[in-house]
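Please read the structure below before turning to the comments.
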Amino acid sequence: MYKGTLALLISSIFTLPTAAIAMTPNSDLNLMPYPQNVALKEGKVTLDKSFSIYIKGYNSPRVKFNTKRVMERLYRQTGLPMLNWQAQSEQDATLVINIHHRPKSDVQNIDSDESYTLDVGNDKIVINAERPYGAFHGLETLLQMVSTDATGYFVPAVSIQDKPRFPWRGVSYDTSRHFIELDVILRQLDAMASAKLNVFHWHIWDDQGIRIQLDNYQKLWRETADGNYYTKDQIRQVVDYARNLGIRVIPEISLPGHASAVAHAYPELMSGIGKQQYPQQRGWGVFEPLMDPTNIELYEMLASVFDEVVALFPDEYFHIGGDEPNYQQWRDNPKIQQFIQNNNIDGERGLQSYLNTKVEKMLEERGKKMTGWDEIWHKDLPKSIVIQSWQGHDSIGRAAKEGYQGILSTGYYLDQPQPTSYHYRNDPMPKGITVDDKLHQGEEFETYEWVKPRGKGGPRKGNLTIITAVDGSHRAFTDYNGKSREEVYILEYVPGVKFRGHFDNFMSYTEFNYDFANDKLADSSYQLIGNVRWPATGQLVASSDMKGTQIPEPNGGYPAELTEKEQALILGGEITIWGENLDSMTIEHRLWPRSYAIAERLWSSQTLTDERSMYKRMKAIDTWSEISVGLRHHADANMMLKRLANGTDSSPLQTLAKYVEPAQYYARHWEKWNSTPTKGDLYNQYERLNRFADALPVESLAVYEMKDLVSRINKGEMSALATLNMHYLTVKLAAQQAKPIFANNIAAVNTMPMTDAVIAVADLGMNLIDKIKQGSQLSEQEVAAYHQIIDKNAVIFDETIVAIVSPTEQLLHILENH
């Protein structure tokens, strides 16, 4: 009946190009990451009080630790006492763990074999693995398969062959900006193991604090960490616990920048002029202090630190940071400039390479390989280093072309709220250009330049080119702020009237929503970054109708396309979680359950791209992770909501939290920056982390369901209207009940306007549902009034976004297109 633009709605729901919804591997079981090969069989193996385990082949204290841990978690999952679980023979056992060989080395490394097979059937479960690491992964898969029905607990019959796609699957965990308690760290290791992640990159050294106990240079931690640091015994505990789970632990000691804490403790090691003195850094950002590579005392300090840190971390890799150096002190220091000139060094960038080369040799002498962020790359460094990229596929692709190994973190920043689907589409492997950006005979084009502001820092600039083929089809691409050319997936295009399309830029989901007026972007034009609207301005600069113009050359070049040999240099990726706006109570629900989706991208087949399946399985694994692993992401969020309720019933807040999202990407950072008359006064450690926004899940799965209902309505499935209406009724009542709760808590009074916005949008949604039921057509005045309601409430309210705006706007599109 209502045949609106179906492609528009589907794309809005899944933010996925149609081509990516292709034939995908079997994903019938609720497993994450999904195994490489799964063959479902008839039958099941029952789990009851007679369940027992037999270890065949290689055994060790670590294998026994994991076996006992499986039993503890089975009890958590089933509640069944399995008291005689240590079988005396293979024949008597329910589960046989057969490890063929001992590890090749005492310390797990990047070449460790993590493969396994899992066979369930004929009343027996058998895990086979060449080395212990594969067996540990097989046990995690088994625990995810435990199910129940009216007759009891069981594991479905299945045959699984599995191994990781990438050997490096990590989490870069910032504990410097805010101290994260030890029990939280240990729990994240449990969770990492459950997701088959195998590298814990421990960021313990940054501007705001050095949180590692050192016997020498004690001022590094005594004068910067406010008493919150990890003792050497605690670090050994973390490393040992991680090793038991098959997880490597890599420390990061940042140099030469991000050195404010070092500058506060030992100012004489910095590059300033004259007598130096630096306050303890409480703010967020990139700061002036920079280590002095010409000072021999710097190398004495680094040598001492390296000796102590190397003794605690047995992994073969050592991370030196290297990112975001502010070269100003080097530029301003005559002595350093003279050193650069005397040694024929290629400027400040070359001086950083000079330092890195010396550091690399120091680490090599201590048996370590160096890894660091993009900025460490230089032709003088050996190919043994690993480059961790925050600058994206352009950077990691360039490094691979030069013969350097790399891991991707861009697109895996979980401190930023983002749609899980965005992370899931982000493959570590550069894929080259995916759109034909050449103009062929008979085709026409138009190119618009655009500018988008940011809440902090300069604006983003770029262009959008749309090509119309001879058959009337369209394709589009963008050159976004100097990055390589990217395809834009078109949602809706009416030449000269409007354009809607999306792509994943190197840091966020980005959607162009442009209205055209007299060859310019109309005032109503905006870019959707994550879930936040940013106004965009611009104009037509080239087209087939503009004489003497042509499609511009890409200002950022083309995305890298790697040979098979170069592809082997892409080792995997690391989830990255920076701690500016996170603490021990909030960090966990930024990581989970989204990390399971990223873990799947790093472990599973590259062809596994079905986002609907991903969301379905992630929802199941989310609950499983609370029960089996003991994660507290929901428990901590509920505790924060109870704190906001201040002794009253918190259930309205819990319901409302299902329909409201934190402002995504860096919007919350910028809101904090702009929140005071003097910008940045609360962009620091003193800022409170007790808002409603801090207790919210990153992404509303209820709104995801609402969008799906709208898609079904668009196909003519009118039965979905009642379910959608119930969502609106539910969230409206929750907002009405939450309003007085917010009004009576100093931490939430600024959140009150959000409840009014929710009520207004819910009322609009129910009104639109009535219009659809009645078969009504909207007048131009009604359309304008409804869009005005949507636009008014599609803004940031105390760092939150009313997420029901999106499905409501889609409902309005249906009526507009009727």
- Task: Determine, for Tyr424 and Arg601, whether the Lys NZ or Arg CZ falls below 6.0 Å from the six-membered ring centre while staying within 45 degrees of the axis.
- Result: yes
- Message: Between Tyr448 and Tyr514, is the ring centroid distance below 6.0 Å?
- Response: no
- Task: Check the angle between the aromatic planes of Trp624 and Tyr596 and answer parallel, tilted or perpendicular using the 30° and 60° thresholds.
- Result: perpendicular
- Message: We want to know whether Asn531 and Tyr665 form a side-chain donor-acceptor pair, criterion being a heavy-atom distance below 3.5 angstrom.
- Response: no
- Message: Is a donor from one side chain sitting under 3.5 angstrom from an acceptor on the other, for His787 and Glu816?
- Response: yes
- Do Tyr489 and Phe503 have their ring centres less than 6.0 Å from each other? no
- Message: For Ala803, is there any backbone N or O sitting under 3.5 Å from a side-chain donor or acceptor partner on Glu661?
- Response: no
- Task: State plainly whether the residues Lys498 and Glu492 are in salt-bridge range, i.e. N to O under 4.0 Å.
- Result: yes
- Query: With no hydrogens and no angle check, do the side chains of Gln77 and Ser628 hold a donor and an acceptor under 3.5 Å apart?
  - Reply: yes
- Item | Electrostatic pair Lys196:Glu140 at N-O distance under 4.0 angstrom | no
- Task: Answer yes if the side chains of Asn505 and Thr510 hold a donor-acceptor pair under 3.5 Å, and no otherwise.
- Result: yes
- Message: Hydrogens and angles aside, do Lys452 and Gln527 bring a side-chain donor and acceptor to less than 3.5 Å of each other?
- Response: no
- Parallel, tilted or perpendicular: ring planes of Tyr509 versus His502, cut at 30 and 60 degrees: tilted
- So Tyr493 and His474, would you call those rings parallel, tilted or perpendicular, with 30° and 60° as cut-offs? perpendicular
- Query: Hey, would you say the His423 and Tyr413 ring centroids sit under 6.0 Å apart?
  - Reply: no
- Message: Testing the basics here: between Phe516 and Gly496, what is the closest heavy-atom pair and its distance to 0.1 Å?
- Response: CB-O, 3.5 Å
